[in-house]
2 protein chains.
Amino acid sequence: MPSWLEALARGRRRVRGGAALFNAGDRFHSLYAVHGGFFKTSMIDDEGRRQVTGFFMSGDLLGLEGIAAALYDVTAVALEDSEVFVVPYPLIEQLSRDKAASQRELHIALSREIAREHRLMLLLGSMRAEERLAAFLLNLSARFGWLGYSSAEFHLRMTRADIGSYLGLTLETVSRLFSSLQERGILAVRQRHVRVLDLARLQALAGSPGDSAQG
Amino acid sequence: MPSWLEALARGRRRVRGGAALFNAGDRFHSLYAVHGGFFKTSMIDDEGRRQVTGFFMSGDLLGLEGIAAALYDVTAVALEDSEVFVVPYPLIEQLSRDKAASQRELHIALSREIAREHRLMLLLGSMRAEERLAAFLLNLSARFGWLGYSSAEFHLRMTRADIGSYLGLTLETVSRLFSSLQERGILAVRQRHVRVLDLARLQALAGSPGDSAQG
DNA sequence: CGACCGTTTGATAGTGCTCAATTCAAGTGG
DNA sequence: CCACTTGAATTGAGCACTATCAAACGGTCG
């Protein structure tokens with residue numbers, strides 16, 4: 001978890017796979033630093049369609065968007081048994097007043113989330129299905145790498161439907177793309193287990209990079 | 001402009017239509033509060049495709065995403081002769097340390113920007129072309145209304161290409177949609193001049209609301 | 001072992017894109 | 001004042017991509 005938050009954590013909270021950490025519309029009071037496990041966030045549009053807006057793993061901060069309206073505006077659900085540090089927002093406000101460094105860190109966290117979403121908008125607005133999936137996989141891969149896990153072989157925690165919703169595709173399209181990438185020798189896929197066989201070609205499909213946080 | 005920033009503005013800056021206020025990659029130093037005129041922000045993906053990420057008018061804050069990397073990560077271009085207040089970020093940091101209220105306001109501005117992009121992701125990920133344009137127009141309309149202008153009749157400052165880029169559509173599709181909405185008596189469109197003839201039907205197309213800031 | 005959820009695969013159709021040709025508006029210069 | 005230029009917008013035809021509908025398969029957990 002981000003070091004500047006360590007002093008502020010007030011307890012942990014365990015969340016079972018499938019359970020919600022918070023729901024859209026809940027009163028906002030705390031940020032959550034993921035300490036272990038895996039979360040997805042989603043929201044519902046006026047037509048009732050649910051869309052996944054992000055995936056969060058160790059070190060990522062959940063709840064930033066809640067400050068504005070004093071309500072969380074997404075729902076955060078654990079995709080496996082997970083744990084978070086609970087960081088009450090009032091404490092953060094206070095600490096940032098005392099310590100300039102912490103203040104800046106919070107601003108950076110917020111600002112980084114904005115930048116992340118810029119990239120996602122770019123993906124949703126201008127990439128085709130295969131590019132989207134490639135970019136998504138590279139992002140996941142890089143994040144696993146940073147956490148010390150293999151970046152070449154990993155386990156997807158989310159369903160094809162989750163991926164599709166996040167990328168603006170149907171689950172069938174996602175499934176077909178996995179099959180196609182496998183046939184071409186770029187990936188080895190078995191259910192949710194993914195192995196990257198040809199990183200260079202995967203990067204070429206995505207238009208290159210695979211960094212940036214909080215996919 | 002947001003009242004909490006008034007005390008911090010250090011001068012104004014005029015920007016001619018077509019000129020850039022800042023470019024992606026420039027060193028970050030200030031936020032800008034739009035005081036008059038109209039801006040678009042855009043960024044470039046790895047394939048070199050440019051995409052519009054937002055439109056900004058009086059009262060909106062530009063540059064928030066620059067805090068994270070100490071670099072602006074979008075380019076802000078004036079779509080007509082415009083004016084901004086320049087608010088140096090170090091001053092903001094300092095004020096937020098002294099005044100809890102200002103600190104919270106900044107957090108809210110950042111957080112609101114995150115929420116705005118959530119909605120845009122929803123739009124890009126799950127709405128069809130016509131829904132997107134309807135939602136876009138309602139958003140613009142509402143914002144003009146808040147500024148005291150007519151919400152039923154207004155002048156688009158951006159080209160069809162800008163709108164298309166923002167909505168993840170081609171300019172031809174945008175143009176066709178305008179024609180179609182006009183034929184159906186929902187809008188009266190002449191070039192960039194738009195008049196809403198049937199608000200209810202426009203809202204129905206979008207799935208209802210038209211609020212939320214910084215479209 | 002059976003039930004259930006998730007995934008894969010196929011066939012078909014629809015939506016929006018691409019390419020291309022006009023039309024239109026606003027300037028510019030003769 | 002009017003040809004001419006230029007950038008934007010409109011419109012059309014055909015097609016590519018992805019969604020939709022449908023069926024079968026697989027893995028996992030009671």
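Just so it is clear: chains get the letters A, B, ... in the order the sequence lines come, proteins before strands, and each one is counted from 1.
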| said: My understanding is that only residues two or more places apart in sequence, or in another chain, count here; which of them pass side chain to side chain donor-acceptor pair (under 3.5 Å) with B:Glu130? | reply: B:Arg184
| NA contact type, B:Gly164, heavy-atom cut-off 4.0 Å: base, sugar-phosphate, or nothing? | nothing
N/O contacts under 3.5 Å, protein versus nucleotides 24-28 of chain C?
unit_1, atom_1, unit_2, atom_2, d
C:dA25, OP1, B:Arg190, NH2, 3.3

| request: Salt-bridge test for A:Asp45 and B:Arg119: reply yes if a basic N is under 4.0 Å from a carboxylate O, no otherwise. | output: no
Restricting both atoms to N or O, compile the protein contacts to nucleotides 19-22 of chain C shorter than 3.5 Å, with distance only.
unit_1, atom_1, unit_2, atom_2, d
C:dC19, N4, B:Glu172, OE2, 3.1

| More than 12 heavy atoms from other groups under 6.0 Å of CZ on B:Arg14 | no
| said: Tell me the interatomic distance from B:Glu131, atom CD, to C:dT15, atom P, rounded to whole angstroms. | reply: 12 Å
| field | Value in whole Å for how far the C1' atom of C:dT8 lies from CG of A:Leu133 | value | 15 Å
| said: Is there a side chain to side chain contact (heavy atoms under 4.5 Å, CB included) between B:Gln182 and B:Ile186? Walk through the geometry before answering. | reply: CA-CA 6 Å; B:Gln182 171 146 266; B:Ile186 296 171; over 6 Å; no
| task | Check the pair A:Thr41 / A:Thr53 against side-chain hydrogen bond (donor to acceptor under 3.5 Å, both in side chains), numbers first and verdict last. | result | CA-CA 6 Å; A:Thr41 55; A:Thr53 57; 2.9 Å; yes
| query | Should we say atom CZ of A:Arg10 is surrounded by more than 12 heavy atoms from elsewhere, each under 6.0 Å from it? | reply | yes
| With sugar-phosphate meaning primed atoms plus P, OP1 and OP2, does A:Leu171 contact a base, only sugar-phosphate, or nothing at under 4.0 Å between heavy atoms? | base
| remark: When rounded to whole Å, the CG to P distance for the pair A:Leu177 and C:dT8 reads 11 Å
| Output field: ring centroids A:Phe22/A:Tyr32 closer than 6.0 Å | yes
| field | Five-pair end axes of the helix from C:dC1-D:dG30 to C:dG30-D:dC1 and the angle they enclose, rounded to 10° | value | 30°
| message | So which atom in A:Gln51 and which in B:Leu122 form the shortest heavy-atom distance, rounded to 0.1 Å? | response | OE1-CA, 3.2 Å
| If only side-chain N and O atoms of A:Arg160 are considered, is one of them under 4.0 Å from the OP1 or OP2 phosphate oxygen of C:dT8? | yes
| query | Can the ring centroids of A:Phe56 and A:Phe38 be said to lie less than 6.0 angstrom from one another? | reply | no
| query | Are more than 12 heavy atoms from other residues, nucleotides or ligands located less than 6.0 Å from atom OH of B:Tyr149? | reply | no
| said: Give the residues of residues 178-187 of chain B touching DNA chain D, defined as any heavy atom closer than 4.0 Å, sorted by residue number. | reply: B:Ser179
| field | For A:Ser30 against A:Pro88, the heavy-atom pair lying closest together | value | OG-CA, 3.6 Å
| note | Looking only at heavy atoms, the pair that brings A:Ser58 and A:His35 closest together is OG-O, 3.1 Å
| request: Let me know the distance between CD of B:Glu130 and P of C:dT15, rounded to the nearest Å. | output: 10 Å
| query | If you draw a 6.0 Å radius around CZ in B:Arg50, do more than 12 non-hydrogen atoms from other residues or ligands fall strictly inside? | reply | yes
| message | Around atom CZ of B:Arg49, are there more than 12 heavy atoms from other residues, nucleotides or ligands closer than 6.0 Å? | response | yes
| message | Quick one, A:Leu187 and A:Leu137 - any side-chain contact, counting heavy atoms below 4.5 Å? | response | yes
| remark: Nt span of DNA chain D in reach of chain B heavy atoms at under 4.0 Å, 5' end first, is D:dA8 to D:dA13
| query | A:Glu65 and B:His118: side-chain donor and acceptor closer than 3.5 Å? | reply | no
| Phosphate contact (C:dG16 OP1 or OP2) by B:Thr173 side-chain N/O below 4.0 Å | no
| message | With a cut-off of less than 4.0 Å, is there a side-chain N or O of A:Thr159 near OP1 or OP2 of C:dG6? | response | no
